[in-house]
Amino acid sequence: MVELMVQQTTEAPIAAYVCLLKGCSRRNALAEGKQVHALIIQSLLDSNIFLANTLLHMYSKCGSVLDAHKVFSNMPQHNVYSWTAIISAYADTGQGEEAINLFQQMQETGLAPDKVVFVVVLKACARLAALEQGKRLHSDIIKRGFQSDVIVGNTLVDMYAKCGCTEDARELFNNMSERDVVSWTAMIAGYAQNGLGKEALALYEQMKQEGVQPSNVTFVLLLKACASLGALKQGKQLHSDIIKKGFQSNVIVGSSLVDMYAKCGCTEDARELFNSMSERDVVSWTVMIAGYAQNGLGKEALALYEQMKQEGVQPNNVTFVLLLKACASLGTLEQGKQLHSDIIKKGFQSNVIVGSSLVDMYSKCGCTEDARELFNNMSKRDVVSWNAMIAGYAHNELGKEALALYERMKQEDVRPDNVTFVLLLKACARLAALEQGKQLHSDLIKGGFQSNVIVGSSLVDMYAKCGCTQDARELFNNMSDRDVVSWNAMIAGYAQNGLGKEALALYEQMKQEGVQPDNVTFVLLLKACASLEVLEQGKRLHSDIIKRGFQLDVIVGNTLVDMYAKCGCTEDARELFNNMTERDVVSWNAMIAGYAQNGLGKEALALYEQMKQEGVQPDNVTCVLLLKACACLAALEQGKQIHADIIKRGFQSDVIVGSTLVDMYAKCGCTEDARELFNNMSERNVVSWTAMIAGYAQNGLGKEALALFEQMQREGTKPNEVTYICVLSACAQSRLVDEGRYVFYSMCKNHGVTPTMEHYACMVDLLGRAGCLVDAELFINKMPIQPGSVVWMSLLGAARNHGNVEIGRRAFDRVMKLEPKNAAPYVLLSNIYAAAGRKDELVKIRNEMKDAGVKNMPGCSWIEVDNQVHAFVVGDATHPQSKEILAELDRLVGLMKEAGYIPELSFVLDDVEDEEKEIALCRHSEKLAIAFGLINTPPGTPIRIKKNIRVCGDCHNATKMISKIVRREIFVMDANRSHHFKDGFCFCGDYW
């Protein structure tokens, strides 16, 4: 066909061949071009320099550098055009270094380059960011007098800007003797590409003042600058200018407008613009899809894709990448699979970027096996592909698999990048895999990534999460470049390792160095204040937050509420909560948790009612917090209502919610209901088993607790430290001494659990309750760690129960050295002296307590009636039914005295007459709560009381008698355990 065309032409053969080659260049017709080349060789015209240059140009435009190079090598001579053509061939195909080398060879031949060659080589330098070569070219340009050429000048501006030298570029731009729209656009592009959007927009204003008419490219660049800055106001002004200049119908400008509005968060405006575009191409659709995806509107992005298909627009690889990201963020596996099918149909499956995005989508949807299969079958993989798979494993908490894949990556000689190391360091941090982390540290130093600020920050985070805060700090101190993320990583490291003071000190250094904190910084520091309960520092942080404008940030606001609550300032926390301009479920949870942690369960439950009224949907965390509040108050009816809400909302299968339900029922004395719930749980973990064992322990059901503990081990669940505390407590409560000893020594020798202070305290309690006080004291003296106050308090409690004055006094003295302001030891020793009839010592210890300024915690009891929680304190006369309550108490005391009740006045510490002591005993909070329950509930209804401190002996005896007189079951959950009273007996066996 080509041969026929040559024969039919009336032009001379050379002119005909030139005409054909130019046609091939325009149509990118490489095969036809090669046929023409063959005819030229046959015609013996291949030595013609004009034809050879045209062949060079054709091969260059068709992207066949090798063929171009062959032609160039076979030419008997080269002129400037020949060199320009071959240099362009390499430069246009991204082989900038070879283009620069060829330029140097050209100069060595003595040929003088023209301005076209300079423009081509400058563009190659710009792509490579080869500043030094660019500067040498600039020097040559000046020598040859091309500096005043506007095209050369524009290319120089572009080269300096792309090499990051915007100041040099601007100086060149300012000194140009002639500037056209391309000059202005090059400088605007330089600013925009270097993240200097404000400077780009300012230059546009100058451009307008000088009367230079912008082009469509100018507007595209400026809109990108607005998008990156989120500068909606300037974007709208540009939109107005675009309409005035008549560029609104340009499809590229229209697409850039859609992109700008979407990136500024105005997806509705972006969609309106998109809909009104007279012409739309795949880029327009892709930009709108990207706008939805970037604004968290994945469903809308996927819906737009369906419309795109209906309108017959063919998606490109970028479209699919964006849609796969939308599926990944939504976790919509089925739509992701449909996209995968479309990708195969459209032939994009071999595209490495699309393949990597598919791996990412399957991973984020939890299908790591499918992701790995895809990864393994990819015909081409780059570092992004490996990173996607590593990220997939890390995202699904499969850190070991991520690290194993890295080893394979090294075996295949794939060079990791900074993203690879960041992902792997995070995996090590989650696994606390210090040795692998150190190996990665060594690898990244070899790879030259140690100076990368993101990698450095991830290293700090990894060492800190592995508990090596000193190593983390040394790394942090030696970082050549630190940003706010680096400071946050170190602050987080301190906070997570219980070093809140160091975290706060680092913040002071951060301020001194002029580093601006962000919302994450403040969240971390507020958590440190909360854990330390340092209110004053928390208040100073609050002040800094307001100064820096973060008070409206919902996450910061939530953490402020949490900090004030954890510092005991629930009123301040509530005021903050009420004044929040935006509240999410976490905000409500923070406030509910604040109330619950401060013993204000009643307020927590009231806030939940408000939450429901305001239409805020609770999550599983809300339910857990509320159940804990119900457990603290023994508010069984409200606990049951929350249980019903949990079922309605589908949270019943959540293992944490299920475990907390078990705990709530057990703490309300309903161990059978708790066990039924436990048995029906679809999933159980160590927390679930421990909750049920703790429930048995609290209710004095030691044998049941031990049986469940054995079942737990048979079913393959490994007990943790807390489980052993609960089992030992159950043995202590039920005086199962031999069983408790076996559990303790088995825990140490057979299961490798190192005993904590709480475990030792349980063993002392176990021996003490059984009357083995000498053994208990001997056990303490042989402890391998220094005994804490909790251990000595266990011994002191046992001494009170068994009336051992000498051991009680020794235990008291030890507690006083550790906690001199604790009132409980004074109360227990006073009870010991009173029971032993040692009035002098009793008076002395009471005086010591007064002189030390120690105040006893007032007893408080709660009872739930008709879904309302009522609180009573000792001597309370504030309740609306006080008269009726006191009348009922007087009636009960009369009946009890007839049955032989004698008030135990030793439990009143005040130095007053016996009559006043008897009145005080009758006004104890649990007695008031019981009386209230009796007059407000139907006969035969069980009464459930929650008390914040241990039930005194008199109240315990009185409650036994009341249960028999009124023929009711009474449950009293005190600080030590649950008491179940029935027919004049307590299931604790009078030992608690």
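Computed from a prediction, not measured in an experiment: that's the story for all the values here.
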(message) Do R684 and V655 have side chains that approach each other closer than 4.5 Å (heavy atoms only, starting at C-beta)?
(response) no

(request) Determine, step by step, whether N699 and H980 satisfy the side-chain contact (heavy atoms from CB on, under 4.5 Å) criterion, reporting the C-alpha distance in whole Å, the side-chain angles of both residues, the deciding distance to 0.1 Å, and the verdict. (result) CA-CA 8 Å; N699 287 278; H980 180 187; 5.9 Å; no

(message) Working note: M793 + L795, criterion side-chain contact (heavy atoms from CB on, under 4.5 Å); need CA distance, chi angles, decisive distance, verdict.
(response) CA-CA 5 Å; M793 280 296 292; L795 185 62; over 6 Å; no

(request) Before giving the answer on side chain to side chain donor-acceptor pair (under 3.5 Å), spell out for S653 and S682 the whole-Å C-alpha distance, their side-chain angles and the decisive distance to 0.1 Å. (result) CA-CA 6 Å; S653 59; S682 56; 5.4 Å; no

(request) Report, as yes or no, whether the 6.0 Å neighbourhood of atom CD on Q610 holds more than 12 heavy atoms from other residues, nucleotides or ligands. (result) yes

(request) May I ask you to test the I785-Y760 pair for a side-chain heavy-atom distance under 4.5 Å? (result) yes

(message) Distance alone, cut at 3.5 Å: any donor-acceptor contact between the side chains of Q641 and E637?
(response) no

(message) Side chains of T937 and R968, heavy atoms from C-beta outward: is any pair under 4.5 Å?
(response) yes

(request) Apply the test side chain to side chain donor-acceptor pair (under 3.5 Å) to residues Q698 and S978: give CA-CA distance (whole Å), side-chain angles for both, the deciding distance (0.1 Å), then the verdict. (result) CA-CA 5 Å; Q698 288 154 359; S978 294; 5.3 Å; no

(message) So, taking the atom named CD1 in I965 and the one named CG in D983, what distance separates them when rounded to the nearest 0.5 Å?
(response) 12.0 Å

(request) Start with the C-alpha gap between Q868 and E864, add the side-chain angles, then the distance that decides, and say whether side chain to side chain donor-acceptor pair (under 3.5 Å) holds. (result) CA-CA 5 Å; Q868 289 292 317; E864 179 193 31; over 6 Å; no

(message) Contact between V686 and K718 at the side-chain level, heavy atoms closer than 4.5 Å - yes or no?
(response) no

(request) Locate the shortest heavy-atom distance separating G933 from I943; write the atom from each residue and the value. (result) C-CD1, 4.0 Å

(request) Please determine if K566 and E533 form a salt bridge, counting it only when a charged side-chain N lies under 4.0 Å from a carboxylate O. (result) no

(message) Side chains of D584 and N558: any donor to acceptor distance under 3.5 Å?
(response) yes

(request) Taking K982 for its side chain and E969 for its backbone only, find out whether a donor-acceptor pair lies under 3.5 Å. (result) no

(message) Within the structure provided, determine whether F932 and H870 are in side-chain contact (heavy-atom separation under 4.5 Å).
(response) yes

(request) Could you tell me the separation between the SG atom of C529 and the CG atom of D562, rounded to the nearest 0.5 Å? (result) 11.0 Å

(request) Evaluate whether atom CD of Q713 has more than 12 neighbouring non-hydrogen atoms of other residues, nucleotides or ligands under 6.0 angstrom away. (result) yes

(message) Show the nearest heavy-atom pair for residues M763 and G740, with the distance to one decimal.
(response) SD-O, 4.0 Å

(request) Determine, step by step, whether K612 and D645 satisfy the salt bridge (charged side-chain N to carboxylate O under 4.0 Å, His left out) criterion, reporting the C-alpha distance in whole Å, the side-chain angles of both residues, the deciding distance to 0.1 Å, and the verdict. (result) CA-CA 11 Å; K612 288 196 289 185; D645 286 352; 3.5 Å; yes

(message) Please check: side-chain N/O of R769 versus main-chain N/O of R735, any donor-acceptor pairing under 3.5 Å?
(response) no

(request) Check step by step if side-chain contact (heavy atoms from CB on, under 4.5 Å) holds for V869 and Q638. (result) CA-CA 9 Å; V869 176; Q638 285 181 278; 3.3 Å; yes

(message) Please give me the minimum heavy-atom distance between A666 and G695, naming the atom from each residue.
(response) CB-CA, 3.4 Å

(message) Quick one: does any side-chain atom of S861 pair with a main-chain N or O of E926 as donor and acceptor, under 3.5 Å?
(response) yes

(request) Indicate yes or no: at least one non-hydrogen side-chain atom of R741 is less than 4.5 angstrom from one of L767. (result) yes

(request) Report the residues that fulfil side-chain contact (heavy atoms from CB on, under 4.5 Å) with E721, sequence neighbours left out, ordered by chain and then residue number. (result) V753, T756, H759

(request) Any chance you could measure S925, atom OG, to N948, atom CG, to the nearest 0.5 Å? (result) 6.5 Å

(request) Using a cut-off of 6.0 Å, state whether more than 12 heavy atoms not belonging to N781 lie near its atom CG. (result) yes

(message) Any non-hydrogen side-chain atom of R649 less than 4.5 Å from a side-chain atom of N620?
(response) no

(message) Rounded at 0.5 Å granularity, tell me how far CG in L728 sits from CG in D765.
(response) 10.0 Å

(message) With a 6.0 Å cut-off on the ring centroids, do F981 and F971 count as close?
(response) no

(message) Centre-to-centre under 6.0 Å for W689 and F678, is that the case here?
(response) yes

(request) Mind listing the closest non-hydrogen atom pair of G702 and S734 along with its distance? (result) N-OG, 2.9 Å

(request) Might you point out which heavy atoms bring S688 and S659 nearest each other, and give the distance in Å? (result) OG-OG, 2.8 Å

(request) Could you tell me the separation between the CD atom of E758 and the CD1 atom of I725, rounded to the nearest 0.5 Å? (result) 5.0 Å

(message) Looking at every non-hydrogen atom in both residues, tell me the closest pair between M757 and V790 and how far apart they are.
(response) CG-CG1, 3.6 Å

(request) May I ask you to test the Y665-H643 pair for a side-chain heavy-atom distance under 4.5 Å? (result) yes

(request) Any chance you could lay out the side-chain contact (heavy atoms from CB on, under 4.5 Å) test for L928 and V874, step after step, and finish with the verdict? (result) CA-CA 8 Å; L928 294 169; V874 61; over 6 Å; no

(request) Report the residues that fulfil side-chain contact (heavy atoms from CB on, under 4.5 Å) with V854, sequence neighbours left out, ordered by chain and then residue number. (result) K821, A823, Y826, M849, A852

(message) As an exercise, state the distance from CG of L828 to CZ of F812, rounded to the nearest 0.5 Å.
(response) 10.0 Å

(request) Using a cut-off of 6.0 Å, state whether more than 12 heavy atoms not belonging to Q786 lie near its atom CD. (result) no

(message) Checking the side chain of S794 only, and the main-chain atoms of V764 only, is there a donor and an acceptor separated by less than 3.5 Å?
(response) no

Please report, to 0.1 Å, the donor-acceptor pairs under 3.5 Å made by any side chain of residues 621-629, with sequence neighbours excluded.
{"residue": "T622", "atom": "OG1", "partner": "N589", "partner atom": "OD1", "Å": "2.6"}
{"residue": "T622", "atom": "OG1", "partner": "D619", "partner atom": "N", "Å": "3.0"}
{"residue": "T622", "atom": "OG1", "partner": "D619", "partner atom": "O", "Å": "3.4"}
{"residue": "T622", "atom": "OG1", "partner": "D619", "partner atom": "OD1", "Å": "2.8"}

(request) Count the heavy atoms of every other residue, nucleotide or ligand shown that sit under 6.0 Å from CG of L818, and state whether that count exceeds 12. (result) yes

